[in-house]
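Below: one structure, written as structure tokens.
Order of listing sets the numbers, starting from 1, for every ligand and every atom in it.
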Amino acid sequence: MSATNTRSRAPAWAVDDASIMTLASGALELSGFLERAARSIAEAAGADACAIFLTVPSGRELIRTAAHGLKANHAGSTSVALGQGLIGRVSQGSRVLQAVCGDAAARSAPDLAELRGRHFGAVAAAPIEHAGTRVGVVALYQRTAARFGRGQLELLREVGVRLDMAIALVNAAAGANKAQAASGPRHAVAGMYRGEGVSHGHAFGVARVLSRAPAARVLELRRLSEPDGNPAVGALTEILDRTAAQLEREQGALAERLPEAAAMIFESHLMMLRDRAFVSRIQEGRDAGMELGRAIAEAAADFIRIFERSEHEYVRERARDIEDLALRLIRNVDAADSGADQEGEMHVIVARELLPSDILWIAQRDVKGIVLVSGGSTAHVSLLVRSLGIPMVIVSAGELLQVVDGTSMLVDGMGGLVLVDPPEAAIRAFERRGQLAQQARTQSRARHEVTTTRDGCRIRLMANINLLSEVPHALELRAEGIGLYRTELLYLMRPDLPDEADQEAVYRRLLRAVGKLPVTFRTLDAGGDKVLAYFNSAAEANPALGLRSTRLTLKHPEVFDRQLRAILRASSEREEVRIMFPMIGSLDEWRLARERFCLCARQVMDEHGEGHNVRLGMMVELPAVVDLMEDFATEASFFSIGTNDFIQYTLGVDRTNDRVSEYYCPHHPAVLRGLQRVVAAACRRNVPVSVCGEMAHDPRYIPFFIGIGVRELSVDPNYLPAVQETVERFTLSEAENYARSLLKQATIGEVATRLFNG
Ligand code: PEP
Ligand code: MG
């Protein structure tokens, strides 16, 4: 197979929600969007021209609003009466119709000036539908007088179904921006902001700005919510009890969602509620005549100031907990006062930065979406947010931090959009898109149980997971096991090291959830951009080249051992479990890590009297190991290639630094040839090798990996259906030819030409 053949089966522009909405995201007004859409539709369908007609507000005619490939002198079809001619009939029915030059349909269609003037030989049209009504027509034209193929008609029908959301979105966003410009915003910050979507899905909720100055916030809230001349007079103990009961209730629900943090959730809140000093400080305020909400705010603000002055970051971060508890108490006072239950507000969090510890805070609340202003987050915070399924967009619009709490906000993680105070139409468009995405998810469950290339070569598809909450989704999508469990996320969201029993409990739960399927534990991969403040806090000039990963755990054997023992204990009743060490740079490091494992295995065996059932492997992430693979192969049971780091270290490019992102090239010839040598050595020695970095889900690299001998890919669960579809498109020899053709190229440009242009 050549690259051309692989790509020619996939349309240049797939008609799914993602592509339509991405197209819409680039447009600030409707006509610009529709022009681009017309071009993309024509290209995707392999047609010579495309036109989009929209119904005018009077509802009696359609106007050609955008076109690609039609000449200006095709004036006959710029407006069409409803019900007349082919376009007019399509606009009133729900079917796709076509006409070929000279046939009866063409003769009875007065609107088809293009056909009569012999500019084109055939036309096909589909209705654009919105909530059951037809709002326009999309038409394709081709020069030859031949009927359109089934695939083209199907694509046209799909476009018609999906285009309406994008139209509604662009209209809504343009409307919001126009209204803001004309009459001034309802809020100081309003309209649409474009950024980068890092976690998909969409969310609608009320804004809550996460500040790093909680004391001021608590007082501010109190001032805003204090009823004039009618101070609230709830009883303190009643509010404390009610809040404690509420916290305990939520704790149960959240332990399900985030089992990794089950023991910690709300611990600090409950402790604070029972803290005598805090309670008496509130009481003092009451005794001095303050209404209850104000007394809580004043007491909390005092405590926050004390915590914020601490020299320990961990203590300073606890100030956020007090802020949070105070806000909860105050809301409960207000709710008691008004008789309303104010729980259950759905928040969109707006923050300048997010720390890994914030994730726990976020998981505890009903956070629907996140807007990160100016990108203050590590790659692993993004990973965690994705694992929790919360849509997130990074925007560089500082004014969003000024948005008033409670303002409604829509976050589109797929298109990278943030809409402040969005119009009703935009909310509806997104809701509909959510329903379609849900439908697509349901359909994608019906994948084949096993994955093979077109000619039957078996490829195992595994899932990468970061949190236990992802396991059901991975199984639903028929992952054949867990190819990478990033255990460090369990460490990242905690304020201190998880103890052995906590880890064992989480690992046990994971193993129970996956049943008999294989699981690959990666030992702690901290350091670099995954900083554990409580563990490896020394600031480093070059963290990516600093004390990280297995080097870090080897320096702290007590931490390493705790984790290894926890995995061994949790898996003692399983037939097999895999453990792999990240970022191994030499046989010496590998052997040191293996020694620690053997030591722990002996300790656990002494307790239980049973041998272990662990296969020990390593990640291939450093170019240093490429020439040593045959040596590793005599000692390791399996290899897993972490392409994210392999690219970073082969090319000397920080994978998290936007300023050098253009140099982060998976298609660099040195990367591809390095990967080929790794896989070839593993195959020669019969050691299984899988790929678990981001390249493993990219349709451009999947045939490459299979062509060089990889038979197992491990990807984010969401990619499983698409990866299976890609694998099923080619034969093994096509993949081998494709890989050979890429490996022959000596420049990035030449590889890119083959990869991107077919
Ligand atoms: C990788 O480096 O490709 C990998 C899978 O590990 P992580 O992204 O967690 O560093
Ligand atoms: Mg890595």
Mutual orientation of the aromatic rings belonging to Phe521 and Tyr485 [parallel < 30°, tilted 30-60°, perpendicular > 60°]:
perpendicular
Write down the atom of Arg522, the atom of Gln563, and the distance for their closest heavy-atom approach.
O-NE2, 4.2 Å
Check ligand 1 against Asp645 and write out every atom of the ligand that is under 4.0 Å from a heavy-atom position of the residue.
1 (C), 2 (O), 3 (O), 10 (O)
Atom 4 (C) of ligand 1: which of Thr643, Asn644, Leu489 has the nearest heavy atom?
Asn644
Strictly below 4.0 Å, N to O, side chains only: are Arg508 and Glu504 in salt-bridge contact?
yes
Arg677: what forms a salt bridge (charged side-chain N to carboxylate O under 4.0 Å, His left out) with it, not counting sequence neighbours?
Asp627
Suppose I only count heavy atoms of Gly642 and a 4.0 Å limit; which atoms of ligand 1 are within that range?
1 (C), 2 (O), 3 (O)
By salt bridge (charged side-chain N to carboxylate O under 4.0 Å, His left out), which residues pair with Glu694, not counting sequence neighbours?
none
Going by the salt bridge (Lys or Arg N to Asp or Glu O under 4.0 Å) test, which pairs reach into residues 635-649, not counting sequence neighbours?
Arg548-Asp645, Arg591-Glu635, Arg594-Glu635, Asp645-Arg655
Nearest-0.5 Å distance, CD1 of residue Ile647 to NE2 of residue His667
10.0 Å
As an exercise, identify every atom of ligand 1 less than 4.0 angstrom from a heavy atom of Cys692.
5 (C)
Nearest heavy-atom pair of Val691 and Ala696: which atoms, and what distance?
O-CB, 3.6 Å
So, 4.0 Å and heavy atoms of Gln648: is ligand 1 close enough to count as a contact?
no
Atom CD of Glu488 and atom OG of Ser549: how far apart are they, to the nearest 0.5 Å?
8.0 Å
So the protein N/O/S atoms within less than 2.8 Å of the Mg ion (ligand 2) come down to Glu621 OE2, Asp645 OD2
Look only at interatomic distance and state if Glu488 has a nitrogen or oxygen under 3.5 Å from any nitrogen or oxygen of ligand 1.
no
Within 4.0 Å of some non-hydrogen atom of Gly693, the atoms of ligand 1 are 3 (O)
Starting at CD of Glu480, measure out to CG of Leu517 and round the result to the nearest 0.5 Å.
8.5 Å
Where is the tightest heavy-atom contact between Leu616 and Phe638, given as atom of each residue plus distance?
C-CE2, 3.8 Å
Answer with side chain, backbone, both or neither: which part of Leu484 has a heavy atom less than 4.0 angstrom from an atom of ligand 1?
side chain
For Glu621, which part has a heavy atom under 4.0 Å from ligand 1: side chain, backbone, both, or neither?
side chain
Say whether Arg655, considering both its backbone and side-chain N or O atoms, lies within less than 3.5 Å of an N or O atom on ligand 1.
yes
